[in-house]
Amino acid sequence: MRVLVTGGAGFIGSHVVAELIGRGHDAVVFDMAEDGRDVRDPQAVADALAGVDAVCHQAAKVGLGKDFGDAPGYVSANDLGTAVLLAQMAEAGVRRLLLAGSMVVYGEGRYECAAHGVVRPGPRTEADLKAGRFEPRCPVCGADLVPGLVAEDAPMDPRNVYATTKLAQEHLAGSWARAVDGRVISLRYHNVYGPGMPRDTPYAGVAALFRSSLARGESPRVFEDGGQRRDFVHVRDVASANATALEAMVEGSAFAAYNVGSGDPRTVGDMAEALAASCAGPSPVVTGEYRLGDVRHITADSARLRRELGWRPEVPFSEGMAELAGAAEGSWEAGLARQP
């Protein structure tokens, strides 16, 4: 299979390319930072689609960003870019798309109240965050909630600009698939980490920011109280999920979404402690700082991907953190300059 990988020189994209080649496929890299080809350029996309059987769309502006002034850049890179890609795929007759989705489309995760069952708490207020009240409360009675795993049929509730663009990508792709009799799989990544992560930018993942601090001999700064639950999944496992989904994309519905997580939820504090210990660096500092738009708990139920496509994550949390901590500085940050 010949696969066009947009963002193929970036953090996740480069691992996807390596996985595809390792499985005997022909991977074509399309990356703005490496070769100047922009997914918003119709002619560049049209040229790249020649002879392609499927597209793996990884190119995106990632992360929460700095403030709402980032909104035009996110919408342009993520939504306009996806629309141009889909239009050119329709013209070229390419009918299979693997989309790099995200768990951020869910907003807050799944919560259960002892009295009212499964509930959907609203966005956390700045007043609560300032006061150190980080846990969402039951919207009916105000009681404590128990966080759980989010399945693919959970309501969509994007709570920042990046999340909104990722949901829009799915809607665009679904519309394209219905219009052209195409096939789309969106892999909703949870917190991806590993070699090649970007660093020291507002768009970098928390694992990269902690690793950067430790490389400077500084304590990782943990926001809120460190109790935020996430599913940290290694980039090689994400790459294998991409290849597995592409290989399975011969039959099925026009659009399908799968969570991609390790199945081993940890707190942000756990991750900071694990990295610090592996680096033999200073202990993390819990700061109480916060970012509006961040959610408290979001962890994946990846049972559907395991059941329907047979995918399994292989990198345990402790092993992945030790690898990230032990990677040479140039190795683990190599993806920074090439992020699409």
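Since this is a predicted model, take the numbers as computed values, not measurements. Count residues from 1 along the sequence.
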Without swapping roles, check the side chain of [X] against the backbone of [Y] for a donor-acceptor pair under 3.5 Å.
X      : Y      : answer
Trp176 : Ala83  : no
Asp231 : Gly261 : no
Tyr258 : Ala303 : no
Asp237 : Val315 : yes
Arg95  : Met89  : yes
Thr287 : Val222 : yes

Does the side chain of [X] reach to within under 4.5 Å of the side chain of [Y], using non-hydrogen atoms?
X      : Y      : answer
Arg2   : Val28  : yes
Val206 : Phe223 : no
Met32  : Val39  : no
Pro265 : Leu149 : yes
Leu145 : Pro121 : yes
Glu126 : Leu292 : yes
Lys130 : Tyr290 : yes
Leu86  : Leu97  : yes

Working to the nearest 0.5 Å, report the span between [atom1] of [X] and [atom2] of [Y].
X      : Y      : atom1 : atom2 : result
Arg124 : Glu224 : CZ    : CD    : 4.0 Å
Glu152 : Arg188 : CD    : CZ    : 7.0 Å
Gln169 : Thr165 : CD    : OG1   : 6.0 Å
Ile298 : Tyr106 : CD1   : OH    : 7.5 Å
Phe255 : His171 : CZ    : NE2   : 8.5 Å
Lys61  : Asp70  : NZ    : CG    : 5.5 Å

Legend entry - Results of salt bridge (Lys or Arg N to Asp or Glu O under 4.0 Å) for Glu289 - residues two or more places apart only: Arg221
Legend entry - Residues in ring pair (Phe, Tyr, Trp, His ring centres under 6.0 Å) contact with His190, at least two apart in sequence or another chain: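 Here no residue qualifies.
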Legend entry - Set of ring pair (Phe, Tyr, Trp, His ring centres under 6.0 Å) partners for Tyr193, sequence neighbours left out: His234
Do you know the tightest heavy-atom contact between [X] and [Y]?
X      : Y      : result
Val105 : Ala163 : CG1-O, 4.2 Å
Ala257 : Arg304 : O-NH1, 2.9 Å
Val55  : Thr6   : CG1-CG2, 4.4 Å
Phe30  : Leu4   : CB-CD1, 3.7 Å
Pro313 : Arg306 : CG-NH2, 3.5 Å
Cys138 : Val119 : SG-CG1, 4.3 Å

Would a single hydrophobic cluster contain both [Y] and [X], if residues Ile, Leu, Val, Met, Phe, Trp and Tyr are joined by side-chain heavy-atom contacts under 4.5 Å?
X      : Y      : value
Val17  : Leu187 : yes
Val180 : Leu85  : yes
Val150 : Val118 : no
Leu99  : Val192 : no
Met156 : Val75  : no

Legend entry - Residue pairs fulfilling side chain to side chain donor-acceptor pair (under 3.5 Å) with at least one residue in residues 109-120, sequence neighbours excluded: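 Every pair satisfying side chain to side chain donor-acceptor pair (under 3.5 Å) with a residue in residues 109-120: Glu108-Tyr111.
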Inset, instruction - Starting from the C-alpha separation in whole Å, work towards a yes-or-no answer on side-chain contact (heavy atoms from CB on, under 4.5 Å) for Arg211 and Cys279. - result: CA-CA 9 Å; Arg211 179 65 178 82; Cys279 288; 4.2 Å; yes
Inset, instruction - Count the heavy atoms of every other residue, nucleotide or ligand shown that sit under 6.0 Å from CD of Glu91, and state whether that count exceeds 12. - result: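 Incorrect, the count does not exceed 12.
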Legend entry - Set of side-chain hydrogen bond (donor to acceptor under 3.5 Å, both in side chains) partners for Glu273, sequence neighbours left out: none
Can a side-chain donor-acceptor contact be found between [Y] and [X] if the only test is distance below 3.5 angstrom?
X      : Y      : answer
Asp294 : Gln228 : no
Ser240 : Arg23  : no
His297 : Glu135 : yes
Asn242 : Tyr189 : yes
Ser302 : Asn259 : no

Inset, instruction - Would you mind checking if Arg296 and Asp225 are paired as a salt bridge, meaning a charged N to carboxylate O distance below 4.0 Å? - result: yes
Legend entry - Note: Glu170-Lys166 ion pair, threshold 4.0 Å (strictly below): no
Legend entry - Residue list, side-chain contact (heavy atoms from CB on, under 4.5 Å) with Pro220, at least two apart or on another chain: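 By the side-chain contact (heavy atoms from CB on, under 4.5 Å) rule, Pro220 matches Phe210, Leu214, Ala272, Pro284.
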Inset, instruction - Output, in order, the C-alpha distance, side-chain angles, deciding distance and verdict of side-chain contact (heavy atoms from CB on, under 4.5 Å) for Met249 and Arg183. - result: CA-CA 7 Å; Met249 206 186 294; Arg183 176 92 169 94; 3.2 Å; yes
Inset, instruction - Take Met321 and Met271, measure what side-chain contact (heavy atoms from CB on, under 4.5 Å) needs, and give me the verdict at the end. - result: CA-CA 8 Å; Met321 288 295 137; Met271 193 258 285; 3.5 Å; yes
Legend entry - Residue pair Asp53, Val3: steps toward the side-chain contact (heavy atoms from CB on, under 4.5 Å) verdict: CA-CA 6 Å; Asp53 300 304; Val3 182; over 6 Å; no
